[in-house]
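Below is one structure, written out as structure tokens; comments come after it.
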2 protein chains.
Amino acid sequence: MRTLKYAILGLVNRNPITGYDITKEFNKELANFWYAKHSQIYPELKKLVDEGLINFEVIIAGESLEKKLYTITEKGKESLKKWLLQVEDLDPTPKDKFKLRMYFSEILNKEEIILQFEDQLIKRNKKLQFLNDVMNEYDRTIPDVISPEFGDYMVLEGAILREQSYIEWINRCLNRLK
Amino acid sequence: MRTLKYAILGLVNRNPITGYDITKEFNKELANFWYAKHSQIYPELKKLVDEGLINFEVIIAGESLEKKLYTITEKGKESLKKWLLQVEDLDPTPKDKFKLRMYFSEILNKEEIILQFEDQLIKRNKKLQFLNDVMNEYDRTIPDVISPEFGDYMVLEGAILREQSYIEWINRCLNRLK
DNA sequence: TTCGGCATGTAACTCGTTACATGATTTT
DNA sequence: AAAATCATGTAACGAGTTACATGCCGAA
């Protein structure tokens, strides 16, 4: 399936970028729906070069620190566009360890179950708060459709809706338990 | 982390069960938040036996068909309970290929993007319809708290809320695009 | 001069999927 | 008699994590 391939290709397509900076991108907005460690990114970049989808240029920063600045090729752009246009079946439902634990919770007593939900509620609220803080930096100006910022905005909103719905689920469970 | 280990342990804890039937469970309610193929389940069962967490008894069905019926041990029950009670950090945000594609969609034109969202909307609605159908089989009788059925009901409701929230997100995106 | 961040890589391992492989039983 | 389903396994591969490994640069 090679999804990481296209995640990287998408980033390199926006602007020439180094492996290090790709890793950083995977820890910002992007982290709300895709991510990877540098140990996965560097080998994948090498593979993409071999496939002729990207090129790199070695940049010397300061005295001797080598950076590799990757740029997308025409072949890479075509490959990315083809992937963006493809119509696929739905991904399988994402796995959820907390739900798995609650699914088997009948062997716990009520108080123990409630404690689990309450702990999860705190953590989810914290995450939602964080996402809202990021969202507020957009300062009520919804970016133009078809701009890189619109992508950021869109998926951030998706992440907020997802957390809200998870919190709603927890609250419903707690109401039944109390 | 060995999550599959506990998913299996949780099922075996409910009732003695064969590997084949565990595989089937992973394609019902459970599939809304955990699943595995038989090729992963059989080796894991062997491992759990080695660890003394489950036992099995060979059953001959019909003339000569061998089944292995697995039962949880005391050690297994303790291990499961410990796992159920543990307080963990939030899982990383689940990966989402569709959101990844839309994140990079600025290189497509508006009509192409809208087509992508509309296709996704149809598929998500279909899935929601399916989940609602399953839910209606509960026939308005919410199962008792602390029963195996309550677990089923709870996670099914979670799955429905999740799909609804995804659909809400798609609609918001479409409204902005139109 | 030391510490945190910049920058790139590899090795070993776990987790999960697809495909291969076999045979028994039930249903059409 | 054939097809679907029951039932259990292994092999090869791909994806992802943790740990190992190295060296540069700027700020305190």
Side-chain angles (χ1 to χ4, degrees), chain A residues 1-8 11-12 16-28 30-31 33-51 54 56-70 88-89 91-97 100, chain B residues 1-8 11-12 16-28 30-31 33-51 54 56-70 88-89 91-97 100:
Chain A
M1 219 166 5
R2 305 279 309 277
T3 309
L4 179 61
K5 163 178 167 173
Y6 298 102
I8 291 176
L11 282 176
V12 177
I17 190 171
T18 65
Y20 189 83
D21 287 329
I22 290 173
T23 308
K24 279 203 294 183
E25 284 297 318
F26 278 120
N27 289 301
K28 292 201 292 185
L30 212 65
F33 55 96
W34 209 268
Y35 45 85
K37 310 273 163 89
H38 75 277
S39 56
Q40 211 185 346
I41 291 166
Y42 288 118
E44 188 64 40
L45 281 167
K46 196 175 270 182
K47 227 173 169 180
L48 293 179
V49 172
D50 290 346
E51 292 170 337
I54 55 174
F56 68 90
E57 186 193 352
V58 177
I59 306 279
I60 307 293
E63 202 65 14
S64 66
L65 182 64
E66 291 194 358
K67 294 187 193 191
K68 289 182 180 175
L69 195 66
Y70 291 90
E88 269 190 321
D89 284 345
D91 288 343
T93 304
K95 291 184 176 179
D96 185 327
K97 252 170 19 198
L100 181 65
Chain B
M1 219 166 2
R2 305 277 309 276
T3 308
L4 179 60
K5 162 177 169 174
Y6 298 102
I8 290 176
L11 283 176
V12 177
I17 189 170
T18 64
Y20 189 83
D21 287 329
I22 290 173
T23 308
K24 279 204 294 182
E25 284 297 320
F26 278 120
N27 290 299
K28 293 199 295 185
L30 211 66
F33 55 96
W34 209 268
Y35 45 85
K37 310 275 162 85
H38 75 278
S39 56
Q40 212 185 344
I41 291 167
Y42 289 118
E44 189 65 38
L45 281 166
K46 196 175 270 181
K47 227 173 166 180
L48 293 179
V49 172
D50 291 345
E51 293 170 337
I54 56 174
F56 68 92
E57 185 192 353
V58 176
I59 307 280
I60 307 292
E63 204 62 16
S64 65
L65 182 65
E66 291 193 358
K67 293 188 195 191
K68 290 183 179 172
L69 196 66
Y70 291 91
E88 268 191 321
D89 284 345
D91 288 343
T93 305
K95 290 183 177 182
D96 185 328
K97 250 169 19 195
L100 181 65

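Letters go in sequence order (proteins before strands), and every chain restarts at 1. What you see is a predicted model; the values in this text were computed from it and never measured.
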Would you give the length of the straight line joining atom OH of A/Y35 to atom CG of A/L30, rounded to the nearest 0.5 angstrom?
11.5 Å

Face-on cation placement of A/K95 at B/F33 ring, 6.0 Å and 45° thresholds:
no

Length of the line joining B/E44:CD and D/dT8:C1', which is rounded to integer Å:
16 Å

For B/D91 and D/dG16, what is the distance between atoms CG and C1' respectively, to the nearest whole Å?
15 Å

From OH of B/Y6 over to P of C/dT14, roughly how many Å is that when rounded to an integer?
15 Å

Look at all strands and tell whether B/Y35 reaches a base, only sugar-phosphate, or nothing, counting heavy atoms closer than 4.0 Å.
sugar-phosphate

Assign B/K95 to base, sugar-phosphate, or nothing according to its heavy-atom contacts below 4.0 angstrom with the strands shown.
sugar-phosphate

A/L4 vs A/F26 side-chain heavy atoms within contact, under 4.5 Å:
yes

Could you tell me how far apart A/I59 (CD1) and C/dC6 (P) are, to the nearest whole angstrom?
18 Å

Please report, rounded to the nearest Å, how far the P atom of C/dC13 is from the NZ atom of A/K37.
18 Å

One should read off an interatomic distance between A/Y6 OH and B/L100 CG, to the nearest 0.5 angstrom, of 11.5 Å

Stem list for DNA chain D, please, built from Watson-Crick and G-U wobble pairs under 3.5 Å and keeping only runs of at least 3.
C:1-28 with D:1-28

Would you mind reading off the distance between B/E57 atom CD and D/dT8 atom P, rounded to a whole angstrom?
13 Å

Would you tabulate the nitrogen or oxygen pairs shorter than 3.5 Å linking the protein to nucleotides 7-11 of chain C?
| from | atom 1 | to | atom 2 | distance (Å) |
| --- | --- | --- | --- | --- |
| C/dA7 | OP1 | A/K67 | NZ | 2.6 |
| C/dT8 | OP1 | A/K68 | N | 2.9 |
| C/dT8 | OP2 | A/Y20 | N | 2.7 |
| C/dT8 | OP2 | A/Y42 | OH | 3.0 |
| C/dG9 | OP1 | A/K68 | NZ | 2.4 |
| C/dG9 | O6 | A/H38 | NE2 | 2.7 |
| C/dT10 | OP1 | A/K46 | NZ | 3.3 |

Counting distance only, does the side-chain N/O of B/D91 pair as donor-acceptor with the main-chain N or O of A/K97 below 3.5 Å?
yes

Should A/K5 and A/K47 count as side-chain neighbours, where that means a heavy-atom distance under 4.5 Å?
no

Please list, for nucleotides 26-28 of chain D, all pairs of protein and nucleotide N/O atoms separated by less than 3.5 Å.
none

Could you check if a side-chain atom of A/I8 sits within less than 4.5 angstrom of a side-chain atom of A/L48, using non-hydrogen atoms only?
yes

With distance as the sole test, does A/T23 use its side chain to make a donor-acceptor pair with the main-chain N or O of A/G19 at under 3.5 Å?
yes

When the distance from CD1 of B/I60 to C1' of D/dT8 is rounded to whole Å, what number comes out?
13 Å

Would you please name every residue forming a side-chain hydrogen bond (donor to acceptor under 3.5 Å, both in side chains) with B/Q40, sequence neighbours left out?
none

Protein and nucleotides 12-14 of chain D: nitrogen or oxygen contacts under 3.5 angstrom:
none

Of all heavy-atom pairs linking B/P43 and B/H38, the shortest is CD-O, 4.2 Å

Quick one: does A/K68's side chain get under 4.5 Å of A/T18's, heavy atoms only?
no

Decide yes or no for A/D21 and A/K24: does some side-chain heavy atom of the first lie under 4.5 Å from some side-chain heavy atom of the second?
yes

Sequence-distant partners of A/E66, salt bridge (charged side-chain N to carboxylate O under 4.0 Å, His left out), two or more places apart
none

I need the CG-C1' distance between B/N27 and D/dC6, as an integer number of Å.
15 Å

Gap between atom OG1 of B/T3 and atom CG of A/D96 - 0.5 Å precision
11.0 Å

